[in-house]
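Bear in mind the structure is a predicted one, so any value in this text is a computation, not a measurement.
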Amino acid sequence: MRTALLLLALVTTAPLAAQFEGTIAMTASDKGTEPVAIQYYVQKGRVAIVMVAPPSAGPMAGSEMRMLMDPDQQKMTILMPLSGQMAAMMGGAKGIKMVTDLKDLPNGDEVAPNGSVKELGTKQRIAGRECTDYEVKSDSGTVTMCLTEGLGNFLLATGGMASSANVPAWARNLEGKFPLKVVDANGNALLTVISITPGTVPAALFAVPADYQDVGGMMGGMGGGRRGNN
């Protein structure tokens with residue numbers, strides 16, 4: 001899903017003041033594959049993304065992955081509990097974690113220098129909210145996004161941009177817009193928001209277990225950024 005994630009990342013810039021707190025349920029897919037359910041939690045500008053690894057993830061299939069995005073701390077943390085054979089392979093660790101400094105992600109104009117954003121003049125109503133259709137083109141492909149406002153910026157692992165410098169100049173006018181649906185050029189739904197529920201998000205979702213093993217050095221980090229400690 002790397003192409004889709006890159007395009008989705010283009011709508012993310014410096015964090016806005018928190019406009020929404022609650023839970024956004026969505027599904028994500030890649031080129032027509034079976035959709036993966038995602039719970040996207042927003043609290044005071046921070047984002048916690050929870051999903052279950054699909055069958056294609058091999059030995060990690062069925063494991064819950066949690067991704068924490070903290071714009072204030074400029075960090076992204078990926079957490080995954082371990083059990084059975086996977087835990088044994090990691091010396092009995094309860095889980096693994098990897099922390100990335102968002103400020104060190106590549107410059108957007110270097111990663112995706114060519115592209116365009118075009119408002120299509122049509123609107124939809126998805127999950128109870130009105131959104132406006134845009135066509136977004138880049139070297140990676142073309143997608144149609146239905147974007148809404150008032151939910152803050154869209155943050156997703158491998159696509160959580162740290163500042164406007166990490167976003168191509170041609171995409172910066174999408175700041176503050178959140179995708180409720182993303183469809184590729186072949187009509188495949190890459191992302192669809194199912195429900196939006198305002199309300200308090202448990203602080204425990206943002207906690208990093210002390211007994212998780214840091215595998216940042218082993219994995220080489222995300223997006224070329226420096227790894228941090230959490």
Side-chain angles (χ1 to χ4, degrees), residues 1-43 45 47-51 54 67 69 71 108 111-112 114-161 164 166-199 201:
M1 200 185 297
R2 294 185 62 86
T3 298
L5 294 183
L6 174 59
L7 288 167
L8 289 171
L10 299 181
V11 306
T12 304
T13 60
L16 297 176
Q19 297 174 300
F20 170 83
E21 179 172 352
T23 305
I24 304 173
M26 61 183 73
T27 59
S29 183
D30 184 23
K31 298 179 181 178
T33 59
E34 183 177 356
V36 175
I38 297 173
Q39 297 294 315
Y40 184 102
Y41 301 92
V42 184
Q43 182 200 64
V47 171
I49 302 166
V50 179
M51 68 179 72
M67 291 164 279
M69 309 291 292
V111 174
N114 303 310
S116 64
V117 176
K118 177 184 178 182
E119 186 172 341
L120 298 177
T122 55
K123 296 181 182 294
Q124 301 183 52
R125 194 163 187 84
I126 299 172
R129 294 181 72 97
E130 184 178 88
C131 55
T132 301
D133 292 319
Y134 290 80
E135 180 185 74
V136 180
K137 293 183 177 180
S138 78
D139 291 335
S140 300
T142 300
V143 297
T144 300
M145 299 182 180
C146 197
L147 303 174
T148 192
E149 298 182 359
L151 297 179
N153 285 319
F154 182 76
L155 299 171
L156 190 58
T158 78
M161 298 301 184
S164 58
N166 300 117
V167 179
W170 57 267
R172 290 174 194 163
N173 65 325
L174 295 178
E175 179 178 2
K177 295 180 173 63
F178 194 100
L180 298 185
K181 190 168 186 177
V182 181
V183 179
D184 69 15
N186 295 318
N188 298 312
L190 304 178
L191 181 143
T192 304
V193 169
I194 306 301
S195 64
I196 301 170
T197 308
V201 174

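Here the OG1-CG distance, from T27 to L191, works out to 6.5 Å after rounding to the nearest 0.5 Å. Rounded to the nearest 0.5 Å, atoms CE (M145) and CG (L190) are 9.0 Å apart. Summarising the geometry, atom SG belonging to C146 is positioned 8.5 Å from atom CD belonging to E130; distances are rounded to the nearest 0.5 Å.
Judged as a side-chain contact (heavy atoms from CB on, under 4.5 Å), and not counting sequence neighbours, the contacts of E135 are K118, L120, K137, T142. Not counting sequence neighbours, the partners of R129 by the side-chain contact (heavy atoms from CB on, under 4.5 Å) test are T148, L151, L180, I196. V183 meets the side-chain contact (heavy atoms from CB on, under 4.5 Å) test with K181; sequence neighbours excluded.
Between P179 and L147, the closest side-chain pair of non-hydrogen atoms falls below 4.5 Å. Taking the side chain as every heavy atom from C-beta outward, E149 and F178 never approach each other to under 4.5 Å. Residues D133 and Q124 have side chains in contact (heavy-atom distance under 4.5 Å, counting atoms from C-beta outward). Side-chain contact between Y134 and K177: present, with at least one pair of heavy atoms (C-beta onward) separated by less than 4.5 Å. Residues S29 and V36 are not in side-chain contact: their nearest non-hydrogen atoms beyond the backbone lie 4.5 Å or more apart.
Pairing each heavy atom of M51 with each of A37, the nearest pair is CB-O, 3.6 Å. Taking all atoms of both residues into account, the shortest heavy-atom contact from V193 to I24 is CG1-CG2, 3.7 Å. The minimum heavy-atom distance linking I49 with Y40 is given by the pair CG1-CD1, 3.8 Å. Nearest heavy-atom pair across V143 and D184 is CG1-CA, 4.2 Å.
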Discussion item. Working note: E119 + T132, criterion side-chain contact (heavy atoms from CB on, under 4.5 Å); need CA distance, chi angles, decisive distance, verdict.
Written reply: CA-CA 8 Å; E119 186 172 341; T132 301; 3.5 Å; yes
